[in-house]
Amino acid sequence: MNTDKVNLLGLDRQGLEAFFTAMGEKAFRASQVMKWIHQFGVEDFEQMTNMSKALRQRLGESAEIRAPEVVLDRGSSDGTHKWVLRLDGGNHIETVFIPDGERGTLCVSSQVGCALECSFCSTGQQGFNRNLSSAEIVGQLRAAYQYFGARHRDERIVTNVVLMGMGEPLLNFDNVVAAMNIMTDDDAYGLSKRRVTLSTSGVVPAMDRLIEASDVSLAVSLHAPNDELRNELVPLNNKYPIDELMAACKRYAFAGSGKRKITFEYVMLDGVNDTPGHARQLVKILEGVPAKVNLIPFNPFPQTDYTRSSQEAITRFWEILMAAGITTVTRRTRGDDIDAACGQLVGKVMDKTKRQARRIEMQEGRA
Ligand code: SAH
Ligand code: SF4
């Protein structure tokens, strides 16, 4: 349902302050409303008891608090949890929670589909549908908080957010920045900026804009150590080739106070980008960049010719990077039984096909 009302769920502090000032109200109302919406999970202005009845009524007339609806949630035996959210207009997105010791990471989507067509990515193969609003992005974190409820308040279950679900976050810049501002605001979710990570396939001008707009952690999807191969895997490389990308990474890493390490994601594709020669090339292009590397075993999906690198190839690759002094981790695959690998929110429920919508209805017991 689309209304003309402003959805306060997606406004960050600056947006809320502007909203209240335009109403002739004091800016501090922003803090009050943020706490109600994000910390107490309130959706009805009538419950906001530290505001006058008259103000609550005016808010009800011009604004709303509207989150995407959770239509399915499912846990996996390894603690992974997945939610399917229904958006306005009938699209669906997935959000996944991945616990790992003290850390609990929520993998969030920024778009329905993606326009960038990386050859190994099922989201890219499905094309672009639309940007998510800031309310829809932050609504994914809200859904997890509401699910964990009191347990989260006692144990802080969700400690990290990664924008590694569907979509290219830097191509939905303003909404993503507003959502990340809300995630890190102490009156909302209060996540540490270091623990919110934006993953990009390398939209160079937007990486520079991000330096000014935010200071979250950055992950860059590199996947290949030379332009010829990267052009093939990440077609955006034709526009922003590796030397420009690395220069932008350095600017990001050295901006502000101190240096910030950039995480480079590298999907391990059998026989494509996983040889010792590729590892040595990678070491070379990372020279001078404060870097960590995350080797991601490829997650196969139907209609792909790629396969996952062998464990031996991954270990060999890892050893070469480590020997060169580059911190390198291999991502474990998780949540296999619920189809919930992060970076692989394949939009199996994207209702571009009626069949998928029907599947959800069946799972909800409505069909
Ligand atoms: N568009 C952004 C963020 C979403 S993709 C980006 O590309 O960085 C999140 C991560 O998942 C990226 O590193 C992406 O390359 C990776 N990924 C995509 N498809 C994958 C697959 N089939 N197997 C493993 N990782 C994949
Ligand atoms: Fe888009 Fe990222 Fe998938 Fe590439 S890897 S198609 S940028 S979601």
Determine yes or no for a side-chain-to-main-chain donor-acceptor pair under 3.5 angstrom, with [X] supplying the side chain and [Y] the backbone.
X	Y	answer
Asn273	Val267	yes
Gln303	Gln125	no
Thr275	Gly271	no
Thr80	Ser76	no
Thr21	Ala27	no
Ser214	Leu210	no
Asn238	Pro235	yes
Gln39	Ala188	yes

Between [Y] and [X], is the closest basic N to carboxylate O distance under 4.0 Å?
X	Y	result
Arg56	Glu61	no
Arg308	Asp270	no
Glu46	Lys53	yes
Glu43	Arg66	no
Asp186	Lys35	no

Would you compute the distance between atom [atom1] of [X] and atom [atom2] of [Y] and round it to the nearest 0.5 angstrom?
X	Y	atom1	atom2	result
Asn175	Asp12	CG	CG	10.5 Å
Leu295	Thr330	CG	OG1	5.0 Å
Leu321	Thr327	CG	OG1	10.0 Å
Leu245	Lys250	CG	NZ	11.5 Å
Asn231	Asn226	CG	CG	9.0 Å
Ile182	Leu191	CD1	CG	12.0 Å

If two hydrophobic side chains count as joined below 4.5 Å and joins carry through other members, does [X] share a cluster with [Y]?
X	Y	result
Met322	Leu286	yes
Phe254	Tyr252	no
Met23	Leu9	yes

Problem set entry | Centroid-centroid under 6.0 Å between Phe20 and Phe28 rings | no
Problem set entry | is_close_aromatic(His38, Tyr145), centroid dist under 6.0 Å | no
Quick one, [X] and [Y] - any side-chain contact, counting heavy atoms below 4.5 Å?
X	Y	result
Glu25	Leu55	yes
Tyr189	Arg142	yes
Leu163	Thr197	no
Gln140	Leu132	yes
Asn181	Asp185	no
Ile326	Val283	yes
Leu85	His92	no
Phe97	Thr105	no

Of all the heavy-atom pairs spanning [X] and [Y], show the shortest one and how long it is.
X	Y	answer
Met164	Ser199	CG-CB, 3.6 Å
Leu87	Pro68	CD2-CB, 3.9 Å
Asn50	Arg29	O-NH1, 3.7 Å
Phe298	Thr307	CD2-C, 3.7 Å
Phe120	Leu233	CE2-O, 3.5 Å
Ser201	Leu236	OG-CD2, 3.7 Å

Please check if the number of heavy atoms outside [X] that lie under 6.0 Å from its [atom1] is greater than 12.
X	atom1	result
Gln47	CD	yes
Asp243	CG	yes
Gln281	CD	yes

Donor-acceptor side-chain pairing of [X] and [Y] below 3.5 angstrom:
X	Y	answer
Glu265	Asn294	no
Glu168	Thr200	yes
Asp73	His81	yes
Arg195	Ser217	no
Asn172	Ser110	no

Exercise. Using 30° and 60° as the class limits, which term best fits the ring planes of Phe317 and Tyr266: parallel, tilted or perpendicular?
Worked result: tilted
Problem set entry | Working for salt bridge (Lys or Arg N to Asp or Glu O under 4.0 Å), residues Arg130 and Glu136 | CA-CA 12 Å; Arg130 73 163 169 90; Glu136 288 166 339; 2.9 Å; yes
Exercise. Run the ring-ring contact (aromatic ring centres under 6.0 Å, His included) check on His223 and Phe264 step by step: do they pass?
Worked result: CA-CA 8 Å; His223 305 314; Phe264 288 92; over 10 Å; no
Exercise. After noting the C-alpha distance and the side-chain angles of Gln111 and Asn131, does the key distance pass the side chain to side chain donor-acceptor pair (under 3.5 Å) rule?
Worked result: CA-CA 4 Å; Gln111 301 181 313; Asn131 279 332; 2.9 Å; yes
